[in-house]
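Numbered from 1 within each chain, the chains take letters A, B, ... in sequence-line order.
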Amino acid sequence: MTKSELNTGYEPKDIEEKWYSKWLESGQFTAKVDPAKEPFSIVIPPPNVTGSLHMGHALNNTIQDILIRKARMEGKAALWLPGTDHAGIATQNVVEKELAKEGLTKEALGRSLFTLRVWKWKEESGNTIIGQLKKMGCSCDWSRERFTMDEGYSAAVKEVFVKLYDDGLIYRGNRIINWCPRCLTALSDIEVEHEDLEGHLWHIRYPLQSSADHIIVATTRPETMLGDVAVAVNPADPRYKDFIGKNLILPLMDRVIPIIADSSVDMDFGTGAVKVTPAHDMNDFEIGGRHGLEMINIFSEAAKVNESGGKYVGLNRYEARKAVLSDLEEAGLVAKAVSHLHGVGHCYRCHTVIEPYLSDQWFVKMKPLAEPAIEAVKDGRIRFSPKRWEKVYFDWMENIKDWCISRQLWWGHQIPAWYCECGGVTVTTSNPTQCSSCGGSNLIQDEDVLDTWFSSALWPFATMGWPKETEDLKFFYPTSVLSTARDIIYLWVARMIMMGLKFMNDIPYHTVIVHPTVMTIDGKRMSKSLGTGVDPLDLIEKYGSDATRFGLIIQSQAQDMRFSEEKLEMSRNFVNKIWNASRLILMNLKGHEVGSIPELDRADLWILSKFKKLLRESNDDFANNNLSQTAKRIYDFFWGEFCDWYLEISKSRLYAKDDDEKARAGRVSVEYIYLTVMNGFLRLLHPFMPFVTEEIWSRFGFSDESIIFSPWPLGEGLLEDDSLEADFERIKDIVVAIRSIRASFSLAPSKEIEVKIECADSSKIEFLASASTYISALTGAKEIEIKDKLKAPKKAAAAALGPFQIYVLLEGLIDVDVERERLEKRLASIEADLSLVLGKLMNDNFTSKAPKDVVEKERAKKAELTLEKEKIALQLSQLGDLRF
RNA sequence: GGGCGAUUAGCUCAGCGGGAGAGCAUCUGCCUUACAAGCAGGGGGUCGCAGGUUCAAAUCCUGCAUCGCCCACCA
């Protein structure tokens, strides 16, 4: 390796592309069923085919890639199964927009042509996100890539539908559902996003049929009164006791409607009297059911008033509201209007205000599915990380409602149900020729498709070949970890658990990692439409994939992370640091054969101890899914310990003339440490930064193989030595103190200094002496004298550190005022610390109640501070005698 | 209405019972033969507020304030 072969600045681009194609060519990511190995599997949360990589994906897929790469290195059979989701509404909307540009509509094309067109779009544009994942370095098994509408997957969806139907868990019913008047489809409850909007609560007079009296109802949606069939009051409400059972004349419609009693009515809200519109309100639908009321649908699918709305026919919801209010106003029936904040549901895809709508839809009965799913988390078979999300899961699951799964779309899994003239419904996986009720052959398939989330609920097993009993299923199911964003815990995570338990009779995964949500730096949601999003691809372009991954992971610690690009810059600098440290080593390796462990000095043992600690603590972090902390440890170790201290210390041995036995031995030790640390460190870092580690790994020639399958480092044979580490911290402190003196007196780097150190603790002298070469290398001291007793030299700057009294001889260079200020500042700080310590030690409660080791520590601190104080005071007093 | 989370240096965040930390920004000095994407040395914080528990509280408990998120049949 020559210097010219490594640039001084790391250029990620070519290196990243080179390695990713190599990895793909050699099939490194392809998982093999191998009973001799422990399986470790992750199914990717399938991104929408319409999607492009956003920051959430970048973070989530980095997490998964780290886990899967680590597992691979641990010798597990690691499968990361990728794929995409057909995303019914989203994709249909995209293609419809494309058609609109050509002046076409899906109706003009017809269903089958439209569907073909969507497939064509999917083939051409639906895989951008897969390419983006590759840029990130994701080690997915692309040979197993799936799509929620591929042939096998579609068969699985049908199978599930039919089985649930046969088990009585799927039924069809005429019910109130959430209707999007723009997408023209039903939505499930959790696809509706509620937003508090400032509206009005209108108080409207409904006259009694038999007298001049009236009842005032309060409503936020006066236009729905066109569909009113009753007014309900609480049976316990004294104000309305005499009204119950009487009739009202519905204004504008002149319909006679009854006053009924229903305990669901809140006496304290509004006027305590509720207009009942069963076709357009969830709650009213239930009241209507209890009282056998008629349901009058007054809206078309596009939420315009229909024929049942009398003269208002053809108006949309908001026009109708205006018209109704103005007519009521004119009739003097509006008692008052007060402003009122209330939650309004919006479509999660197009943000149109949802209309509660009465229609025929398919539903899944959820309670029987939810019960075992609750149990699986309760008994710990599935764990959420962080654990608090389990409560969120329970809250939803314990109050679960039936799931509306039919969608009035063309893109998706068409419901495998056929209707016959006889009224019979045939539900089957294969296209039926005969009605299951009457045997008739004139069958028409239900036109609706299934909720996209119905198919994605099967993801962990349908992707592995279910309903066939495949080798993959037997080996890789249940999967190990699911990593996901918190906003799809209900939509996806919970439903996978239910479906997995129902159809595989087993949980889909053992651990659910809920990663932080990526926010903008000012705490706003990242959104393309708001222009607040950051494109991960731009970041990769700017900082490289390794730095982007590392920078994301290291800041992913809070529940909401405010994305800070600075952390990526820091990571990019870190990559560069690693690159250059490698450069230093590679340029200087002489290839000494290291047969056995060479003789090591204390600096060597110290960095090995630090390294061992890093490995141990990192493994603990992994066990707690705290990847962010590992990233931080990696950074601190490599930059703060290995580069800043060990590499600098080792240079004296590295650059020593290789002309005697001692110098050669020194080199052998240093090279041994370099190789030992770099070899293990690169492996530890590899899951986080796959590209640069692979590149450096190959430059070192640590193995002929890719680093991908090198063993996960555990630091076997390395020892942690806390006392050595503590001693070493002292050495560092001494170095810093000397450097600080250098800086105070603005000594040029080339200026050699003379240092004397008095060490009052005889047990530390030997160590200090052995470290004196480090100290001189790091401080530019040409000579260091170490004694247990020393006469304080004149014309010197001083520092006191515990048992150590340090003098930097500065003949002719010392500025008395500067030195006095320096010492006084130090003295003040020592005195402040000392008074705190003394305060504690003089407190009998402390000395008697605090643990012994804590008290002991305080006493030691007191002794040390006292000594430092004396030394500094002495030095200060001598300062006056200095004559320069 | 219920629940969850956050509040620590100018900014983004660690720390979660015993000496206030990191990165960035800032100040000073360095192109020292790995790295100026760097090196060395500094400055900067009554850890949101008020109580409580404890010998000891940024750390545990209670209340409050502010911000964010989730859930709810808020007609």
Side-chain angles (χ1 to χ4, degrees), chain A residues 3 6 8-10 190 194 196 201 217-221 224 232 264-266 269-277 281-287 340-343 356 386 388-389 391-392 395-396 399 486-487 489-490 517 519 521 523-525 543 547 551 554-555 557-567 569-588 628-629 632 635-636 640 643-644 647-648 651 655 736 739-744 746-750 778-780 833 836-837 840 843-851 853-855 857-858 861:
Chain A
K3 188 176 171 178
L6 268 81
T8 61
Y10 177 66
I190 44 180
H194 290 271
D196 275 344
L201 193 58
V217 299
T219 179
T220 54
R221 300 198 53 199
T224 62
S264 73
V265 178
D266 180 354
F269 189 89
T271 58
V274 192
K275 56 190 268 324
V276 182
T277 323
D281 183 279
M282 299 282 179
N283 197 32
D284 291 5
F285 176 79
E286 281 173 27
I287 296 178
H340 179 62
L341 192 69
H342 66 300
R388 73 182 122 87
W389 292 109
K391 189 175 163 8
V392 174
D395 286 348
W396 189 66
N399 298 297
R486 62 177 143 91
D487 51 347
I489 290 177
Y490 306 144
T517 303
M519 315 291 275
I521 198 80
K524 302 258 167 16
R525 209 174 194 89
Y543 302 103
I554 208 165
Q555 67 181 302
Q557 14 210 17
Q559 166 175 296
D560 292 334
M561 58 181 253
R562 297 176 174 217
F563 173 71
S564 145
E565 198 171 321
E566 283 166 359
K567 295 291 193 310
E569 202 176 331
M570 160 194 159
S571 303
R572 184 254 265 136
N573 296 350
F574 183 43
V575 175
N576 195 241
K577 189 77 181 176
I578 297 165
W579 180 255
N580 277 292
S582 305
R583 225 178 128 245
L584 167 71
I585 295 171
L586 287 167
M587 285 189 312
N588 289 289
S628 163
Q629 190 150 86
K632 196 172 178 316
Y635 182 95
D636 289 344
C643 290
D644 285 353
L647 286 183
E648 294 307 323
K651 277 178 181 171
Y655 291 143
V736 169
R739 283 170 170 173
S740 178
I741 289 171
R742 285 196 78 116
S744 298
S746 305
L747 302 187
S750 55
L778 295 168
T779 59
D833 287 351
L836 278 176
V837 172
K840 279 190 190 178
N843 180 348
D844 289 342
N845 278 326
F846 173 74
T847 48
S848 62
K849 289 186 183 170
D853 58 317
V854 172
V855 178
K857 221 170 124 190
E858 290 300 315
K861 209 193 309 181

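- In this structure, the nucleotide among B:A34, B:C74, B:C35 sitting nearest to the side chain of A:Lys651 is B:A34.
- You'll find that the side chain of A:Gln557 is closest to B:A14, out of B:C4, B:A14, B:C74.
- Dashed line: the shortest gap from a side-chain N or O of A:Lys524 to OP1 or OP2 of B:C69 is not under 4.0 Å.
- Base contact: A:Asp266 has a heavy atom under 4.0 Å from a base atom.
- Nucleic acid contact class of A:Ala232 (heavy atoms, under 4.0 Å, all strands): none.
- In the set B:C55, B:U32, B:G68, the nucleotide with an atom closest to the side chain of A:Ala850 is B:C55.
- Using a 4.0 Å cut-off, no side-chain N or O of A:Arg572 falls inside it from OP1 or OP2 of B:A37.
- Atom-to-atom, CG of A:Asp395 to C1' of B:G3 comes out at 7 Å; the value is rounded to the nearest Å.
- The two residues A:Val265 and A:Gly272 come nearest to each other via the heavy atoms CG1-O, 3.5 Å.
- Between A:Lys391 and A:Asp395 there is a salt bridge, since at least one side-chain N of the basic residue sits less than 4.0 Å from a carboxylate O of the acidic one.
- Side chains of A:Ile489 and A:Trp396 form no contact here, defined as non-hydrogen atoms less than 4.5 Å apart.
- For the residue pair A:Thr779 / A:Arg742, no side-chain donor-acceptor distance below 3.5 Å is found, with atom types taken as modelled.
- For A:Arg739, the listed nucleotide lying nearest its side chain is B:A40; candidates were B:C69, B:A34, B:A40.
- In this structure, B:A50 forms a base pair with B:U62, meeting either the Watson-Crick or the G-U wobble geometry with both donor-acceptor distances under 3.5 Å.
- Using a 4.0 Å heavy-atom distance criterion, A:Asn843 is classed as a sugar-phosphate-only contact.
- For B:A56, the base has no donor-acceptor partner in the side chain of A:Glu858 [N/O atoms by modelled type, under 3.5 angstrom].
- Separating the C1' atom of B:U53 from that of B:U59 is a span of 13 Å, rounded to the nearest Å.
- To the nearest angstrom, C1' of B:U33 lies 15 Å from CG of A:Leu647.
- Side chain of A:Asn580 to main chain of A:Thr8: a donor-acceptor pair is present (N/O by atom type, distance under 3.5 Å, no hydrogens or angles).
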Could you write out each protein N or O paired with an N or O of nucleotides 20-25 of chain B at a distance under 3.5 Å?
from	atom 1	to	atom 2	distance (Å)
B:C24	O2'	A:Glu566	OE2	2.9

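- Checking the phosphate oxygens (OP1, OP2) of B:U12, a side-chain nitrogen or oxygen of A:Arg562 falls inside 4.0 Å.
- Atom CZ in A:Arg562 sits 13.0 Å away from atom OG1 in A:Thr517 (nearest 0.5 Å).
- When distances run from any side-chain atom of A:Lys840 to the nucleotides B:G15, B:G18, B:C74, the shortest one goes to B:G18.
- A:Val854 comes within 4.0 angstrom of a nucleotide base, judged by non-hydrogen atoms across all strands.
- By the 4.5 Å heavy-atom criterion applied to side chains, A:Arg221 and A:Asp281 are not counted as neighbours.
- RNA chain B is contacted by both A:Leu747 and A:Leu584; A:Leu747 maps to the nucleotide lying nearer its 5′ end (nearest heavy atom per residue).
- Between B:G42 and A:Ser740, a contact under 4.0 Å exists linking OP1 or OP2 to a side-chain N or O.
- Closest to the side chain of A:Pro851, from the set B:G38, B:C55, B:C70, is B:C55.
- A:Tyr10 meets the ring pair (Phe, Tyr, Trp, His ring centres under 6.0 Å) test with A:Trp579; sequence neighbours excluded.
- Residue A:Cys643 places its side chain closer to B:A34 than to any other of B:A34, B:C69, B:C30.
- When each of B:C71, B:C74, B:C73 is scored by its nearest atom to the side-chain atoms of A:Asn283, the top-ranked nucleotide is B:C73.
- With B:G3, B:C55, B:G41 as the candidates, the nucleotide lying closest to the side chain of A:Ala743 is B:G41.
- Residue A:Arg742 is out of contact with every strand shown, counting any heavy-atom pair closer than 4.0 Å.
- Out of B:C73, B:A75, B:G18, the shortest distance to the side chain of A:Val265 is found at B:A75.
- Residue A:Glu565 is classed as having no contact, given no heavy-atom separation below 4.0 Å to the nucleic acid.
- In this structure, A:Arg388 and A:Tyr490 both approach RNA chain B, and ranking their closest nucleotides by distance from the 5' end singles out A:Arg388.
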